[in-house]
Amino acid sequence: MRIRMQAGNSPRDLALPRFDMAVTGDALDDRGRAAIALAGELSNGLTSARYIPETLQLEFDGRQIEVEDLAEQLRPEDSQRILIESTTLGFAETFLCCRAVKEIGHRSISFLYVEPGEYRRDERERKVVRQRDFELSNEIIGYKPIPGAIASLDQVPAVDESHPHNVVFLLGFEGERMDRAIEDLPIGPRWCYLVFGVPAYKAGWELDSFANNIRVLTEGDFQRGPQFCAADNPVALIELLQEIYDARSEETQMFVAPIGTKPHGVGAALFAIERDDVGLLYDHPRRKEGRSVDLGRWHFFDVQFGDS
Amino acid sequence: MTVNRKMTTANALQTACTKNRAEEFGFDVWEHFVIPFFFEQLDLGETQKPTIVIGGRGCGKTMLLRYLSHASTFSPKKPEITQADLRRIGLYWKADTQFASALTAREVPEDVWENAFHHKLALVITAELLRSLQNLTRSRCDAVERESIESLRFDGLRAYGDEYCGELRSLASNLRQRERSFQLWVSNPRSSVVPSPVFLPGRDFVIAAIEEIQSQIAELSDTTFFVYVDEFENLLSNQRRIINTYLKHSERPLIFNIAMKRDPLQMRETVGDQSLENVADYRIHDLDDYPCNATFTLFASELLFFRFASKGAKTVPIDVDSLRNPSALDRRRDPAYRERVIFEARRIFPGLTHAQLAHAALNEPAVKKRLSSEIERVLKARGSNRKSGDFLNTQDKQAAIVSSCLLHRSSVTPDEIAEELAALGAGQENRFTGRTDWIHNNFIGCLLRLYSSHPKLCPFYAGFDTFIQLSRGNIRHFLELCHMSLKRTESANLEELRIEPDEQAEAARQASTVFLSEVRSRGQHGNRLYTFVLTLGSLFAIAHQRPTQGEPELSHFSITGGKRPLSDEERAFLLEAVKWSVLIEERETKLKDSVQVTDSEWILNPIYAPYFKITYRKKRKLELKSDEVAVLISGSYEERRALLGRYAERWDVEMQDLDRPLFAHLSKEPSDAD
């Protein structure tokens, strides 16, 4: 797999091809709207996708389908160029699209991602309760499986094995997401890797990720030191995951929990589709219409499957 | 060398209470487990009945189950393995609910998924069974020869497939292979290249494996294996039904038990319409019911010193071996022992008496200034010629503080209050301490009100006994309070260790903040629960600002009247709040109002009290209407804001008197809303 990455302050800074199809999610904020608008300009048609974790189905182009049938939806032409608009798509949709594209033998897939703009930190520094604290309405589905990367954390041990699984948490701002995983699932903290997006999109943003997660890191029984990987770099993330994958024993099952940045999610998805023994742990947050304004940097990831 | 050793010990004291979740200890918790006082009530010696263990997060449920399971029973650190240990072997399974929820839909018939779940159970439990034998070989058990286990053969399982017969290692390896294949199939059930597994018949397969073991190892021929299924409530409904059936039809040598959070809806499904008392088929242990304040106080203090001892502290008032020994419970109930241990815990975490709290408050310049300004303001408003000194310059500082609220009451004049103060000072009958008991009834409420806008938290939240009340039987909460208090100590000597009340109070606020933020990760409705707690806590915080302190220390509510009854969804939400220990439900003993919607009282978990700067004591109740509760549960921001505003107005609470960090949003202009 070859991945070419481009980044710029606007789409004009990127060399963008045309696409036959762009798969998008819901535009909940300015950057989502801008990303979908660009995807529409670059492609012959927009198609929406939304994973339904309760039924393990996908709402694709307005119709509810089985996940296994997505590949058929993404044919008809083998040379079809597909753009995954990952600003608006969630991780599950991104992974399922990658998997389907690979299944039908496409040679390439591309991703678009727009970073958020300015980030208000004053309320976090002063711990002032704001209106938004009363309006948290993100529905948290909880950790539910994604077909194609379903694996069990249950201990079905081989003889004398020391630990049956490694979980790699790709961390973001929301500390409660890893907390939920540790509480709800049979995860042994000592066998977990914690990956922070460093450098962050903007200098200083990583402090919030540290602040919200460092307590768990220092007070939980995590025996592996923190890992760092640039927040906007899926290639580096794949390399890190590969290192962890190669370092484990054959009997140890690897899981990835992509609860951090979207570029890390793209990297996790591409990593997982290449292996059938990697499980994904994801809690499917549903975002309400947000108040995020401004756009950050634009990213374009172009992936070529097969030998280079 | 001496310096380094001291630093190490200081660090040891700082980190003694860091771990407060069972998951952090692994599966062998034998050396970390302190036998709780209700252990005898579990009746583990003789009963062969299935058990339902109920408890909220932090009650010690998982720790208990792991203690009862083979990894702990056969811990290599355990000095002796008894015959009783061999007769009861626990197999702990914390269900991987994210995987279990994959066993559904995707155009696969439900009966196939049910068979798949039976298969999953067979794989997991048999694997645990084999692991228990491996742990037995690593233990100090003399009764069973290691060779007899290693030479075990499971040829009797051939009926289920050739791959299941052979030696123990071979079976273990094959189970692992089957698990991997099963996972692959679950991930791709309709794939033509991934073969469907031949499903094992759940319980029957496990029993067949047990029979192989018992026919070859005489020492285990009388063993009963107890399966403990944790996180039961998070399985799918058909999966719970399957385990329910296993539970109800359990008999030797395999008994199923389940562990779950308190969830009345789930309980009805599990036990049917029968009452939640022990029934013929199984026993119910509600762990939240067991610790009363008296035993929890001792247990918590023992646990504290147990942790210190595990970090190398030598001068502890407990005997570590006794705390690990179920037979030593009577010794631990000795009054002299109890007094000694609790005394030491109080030495480390000293609290303040009410008199000391009053002195501490008036030694805080900002608090004293607020008190003085308050008194001046209300005297002026009432047209009194008196000065604040008339009320502050008294020997009884509690009375001075209470005076600030009494002066707001129209039922009593400033002169009358001053006269009562004088009588108090003269040792005469007075209303501050007599039948009216102004101090007893109002002091804490008045004190908290004074501190509300002070950056430093009131030392009311300090003290070992206070930590006991804040944690209310929750071990995790207690350990976190201790941890936050200890983490900055520089003391290296346990005998000299003492955490100042101010530091404890700050630690309580930090712990409270942590647990409040964790509400968001509690189940599917975590965010709604968080908003609910934030609003309810804010409402109580406003009540604590009431100038007259007419009903001081509001910390719980009941639902009385209203335009409409609570909907099913709203009732379910309240039960969800109870399930996650955000609220504690208590049944009222008397009904005051014949149209009460419910006869329950709902107490905000006291662990949140430091965050909201409200009382942790259960004193006064707020009667809310059902539509007001509905706003708390599912109201929009504007509805919540209006509710808080209405009560602030009703209670004469001025916006500037409200704690800025908590109520900043109420004072913002709409255009500033973020």
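Every chain is numbered from 1, with letters handed out A, B, ... down the list of sequences.
The minimum heavy-atom distance between K94(B) and I182(A), with the atom names listed, is NZ-O, 4.1 Å.
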Walk me through whether S152(A) and K120(B) qualify under side chain to side chain donor-acceptor pair (under 3.5 Å). CA-CA 10 Å; S152(A) 176; K120(B) 171 70 174 175; 2.8 Å; yes

In sequence, state the C-alpha distance, the side-chain angles, and the governing distance for R522(B) and D184(A), and then conclude on salt bridge (charged side-chain N to carboxylate O under 4.0 Å, His left out). CA-CA 9 Å; R522(B) 298 296 180 246; D184(A) 292 352; over 6 Å; no

I'd like to know whether R520(B) forms a salt bridge (charged side-chain N to carboxylate O under 4.0 Å, His left out) with D179(A), so could you lay out the CA-CA distance, the side-chain angles of the two residues, the decisive distance to 0.1 Å, and finally the verdict. CA-CA 10 Å; R520(B) 282 185 284 209; D179(A) 186 44; over 6 Å; no

Report the C-alpha distance between K261(B) and E183(A) in whole Å, list the side-chain angles of each, state the deciding distance to 0.1 Å, and finish with yes or no for salt bridge (charged side-chain N to carboxylate O under 4.0 Å, His left out). CA-CA 13 Å; K261(B) 292 183 194 62; E183(A) 288 280 350; over 6 Å; no

Mind running side chain to side chain contact (heavy atoms under 4.5 Å, CB included) on Y143(A) and T97(B) for me, showing each step along the way? CA-CA 8 Å; Y143(A) 284 88; T97(B) 51; over 6 Å; no

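Taking the side chain as every heavy atom from C-beta outward, E68(A) and S191(B) never approach each other to under 4.5 Å.
When heavy atoms are compared at a cutoff of 4.5 Å, E231(B) approaches chain A solely by way of its side chain, counted from C-beta outward. For a residue to count as touching a neighbouring chain, one of its non-hydrogen atoms must lie under 4.5 Å from one of that chain's; by this rule A95(B) touches chain A with the backbone only. If you measure heavy-atom distances from A149(A) to chain B, the contacts under 4.5 Å come from the backbone alone. In this structure, no portion of L58(A) lies under 4.5 Å from any heavy atom of chain B.
Ranked by non-hydrogen atom pairs under 4.5 Å with chain A, the options S517(B), A105(B), G523(B), G526(B) are led by G523(B). When each of D277(A), D69(A), T55(A) is checked for heavy-atom pairs under 4.5 Å with chain B, D69(A) comes out on top.
In this structure, D96(B) contributes its side chain and L153(A) its backbone to a donor-acceptor pair below 3.5 Å. In this structure, the side chain of R106(B) does not engage the main chain of V67(A) through any donor-acceptor pair within 3.5 Å. Here the side chain of R180(A) pairs no donor or acceptor atom with the backbone of E518(B) at under 3.5 angstrom.
Within 6.0 Å of the CG atom in D61(A), the count of heavy atoms belonging to other residues, nucleotides or ligands exceeds 12.
Rounded to the nearest 0.5 Å, atoms CD (Q183(B)) and CG (D276(A)) are 10.5 Å apart. Separation of atoms OG (S521(B)) and CG (D283(A)) is listed at 10.5 Å; rounding is to 0.5 Å. With values rounded to the nearest 0.5 angstrom, R176(B) atom CZ is found 7.0 Å from Q253(A) atom CD. From R99(A), atom CZ reaches atom OG of S187(B) across 6.0 Å, with rounding to the nearest 0.5 Å. To the nearest 0.5 Å, the span separating CD on Q98(B) from CG on L185(A) amounts to 6.0 Å. For the atom pair I150(A) CD1 and S101(B) OG, the distance stands at 8.0 Å (nearest 0.5 Å).
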